[in-house]
Each structure stands twice: as structure tokens, then as C-alpha cells.
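Structure record follows, encoded as C-alpha cells.
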Number of protein chains: 2
Amino acid sequence: MFIVEVKVGLKKGVSDPEGANTHKSLELLGFKEVASVKYLKVYRMEISAPNEAVARERVEDMCRKLLINPVVHTHEIVFL
Amino acid sequence: MFIVEVKVGLKKGVSDPEGANTHKSLELLGFKEVASVKYLKVYRMEISAPNEAVARERVEDMCRKLLINPVVHTHEIVFL
């Protein structure tokens, strides 16, 4: 059993209102040291597979079929 | 300059509809090997601070004041 995180972010140039608004709110609260905020979504999955290579391939397939919109999203697959 | 991720999840017992729906959709698409899906939000910040201990303290403060609802959320601070 593997624990895998799929981190979904936005491509450069795609607007990130959640990140921008969080940044603005932090500034208003006095956290002036924050230079930028990016917002990402994470799907943390438990997945059974014979080995990590197979698991990674299956997760890539899930990204293509459901989790990711390649027009706007970047993604990263991390095994914990 | 530090790059910090604040990972916000839901406490045990708090319903996670985004995770549950993703799990169901993956199953319908034939990904039967997925045992569970949890949905998390991540704020990835660039923050300037004299050292990591100070940065961590400031980020904890941001969590308390803005990012986290302690009634339903768990959080994790990760330095990249």
C-alpha cells in the first residue's frame, strides 16, 4: 500500500485568486514579510500496487482522466 | 527567503466531500486500487525571515489568525 500525494497547482500566467486574496489578507494583518502566496490542491491517496513504478503510472493515468486539466494545471506526484 | 507550505486538512470525523467524490469518480473510472482519498489545501508562501525558527513562528501565527479554523482543520508546516 502506497500513500501518494497529487499536488495540483496553476500554470504560470493563470490567475490564482485564492492565493492573491490570501496574500492580501496576510498583508492587511501585518504579515509584510510574505512575498507571494500560491494556492494548491492536494489529493492524498492510499493505493495498492505491486511496486512504486506501477503505482506512479496508475496515478499519472488518474491525473489525465480526472484530476488535472492540462490547459491550466501543473501537477506533481509525491510518494510519502 | 524561505519557501513554506502550509498544508490544511480536515480533522478525523469531519466530512470531506471533495475527497469522497474524487474517490467515487476514480472507482467509476476503474481505479479500484484506490483505498481512500483525502483532499487538502496548500498555501505555498515565500517569506523572508532571519532564520527558520522565526519563520515557523510567524507562519504559526498566520495559521491562527487567518488560514486555519481549529474546529475543523489540521495543519502541517513544511519548509521546502
Side-chain angles (χ1 to χ4, degrees), chain A residues 1-10 12 16-52 54-68 73-78 80, chain B residues 1-10 12 16-52 54-68 73-78 80:
Chain A
M1 187 73 90
F2 296 94
I3 297 177
V4 188
E5 283 190 356
V6 179
K7 271 190 197 177
V8 182
L10 291 163
K12 240 185 148 75
D16 175 8
E18 183 109 15
N21 288 328
T22 304
H23 189 190
K24 200 192 288 175
S25 300
L26 286 171
E27 274 186 338
L28 289 172
L29 287 169
F31 296 104
K32 308 286 187 199
E33 68 266 54
V34 180
S36 72
V37 182
K38 276 175 91 174
Y39 180 74
L40 301 97
K41 295 185 288 188
V42 173
Y43 300 98
R44 184 181 286 172
M45 296 186 281
E46 286 182 299
I47 169 175
S48 53
N51 59 56
E52 196 176 304
V54 172
R56 184 177 292 274
E57 204 175 290
R58 290 292 280 172
V59 173
E60 283 286 1
D61 202 27
M62 292 175 205
C63 289
R64 270 190 301 273
K65 288 186 175 153
L66 182 72
L67 304 176
I68 304 293
H73 291 146
T74 60
H75 73 288
E76 222 178 296
I77 295 172
V78 183
L80 300 187
Chain B
M1 187 75 87
F2 296 95
I3 297 178
V4 187
E5 283 189 356
V6 179
K7 272 190 196 175
V8 182
L10 291 163
K12 240 185 149 74
D16 176 8
E18 183 109 16
N21 289 328
T22 304
H23 190 190
K24 200 191 286 176
S25 300
L26 286 171
E27 274 186 338
L28 290 172
L29 286 169
F31 296 105
K32 308 286 187 199
E33 69 265 53
V34 179
S36 72
V37 181
K38 275 175 92 173
Y39 180 75
L40 300 97
K41 296 185 287 186
V42 173
Y43 301 98
R44 185 180 287 172
M45 298 186 279
E46 286 181 299
I47 169 175
S48 53
N51 59 56
E52 197 176 302
V54 172
R56 184 176 292 274
E57 204 174 290
R58 290 292 281 172
V59 173
E60 282 287 3
D61 203 25
M62 293 175 203
C63 289
R64 270 190 300 274
K65 286 185 176 153
L66 182 72
L67 304 175
I68 303 294
H73 292 147
T74 60
H75 73 287
E76 223 177 296
I77 295 172
V78 183
L80 300 188

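Source: prediction; values computed, not measured. Proteins get letters first, then strands, A, B, ... in listed order; numbering begins at 1 in each.
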Region of A/Ile3 in contact with chain B, defined by heavy-atom distances below 4.5 Å:
neither
CZ/A/Arg44 to NZ/B/Lys7 distance, rounded to the nearest 0.5 angstrom?
5.0 Å
How many angstroms lie between CE in B/Met62 and OG1 in A/Thr22, if you round to the nearest 0.5 Å?
11.5 Å
Top contributor to chain B interface from A/Lys65, A/Arg58, A/Glu18 [non-hydrogen pairs under 4.5 Å]:
A/Arg58
Pick one of side chain, backbone, both or neither for B/Leu26, based on which atoms fall under 4.5 Å of a heavy atom in chain A.
both
Any side-chain heavy atom of B/Asp61 within less than 4.5 Å of one from A/Phe31?
yes
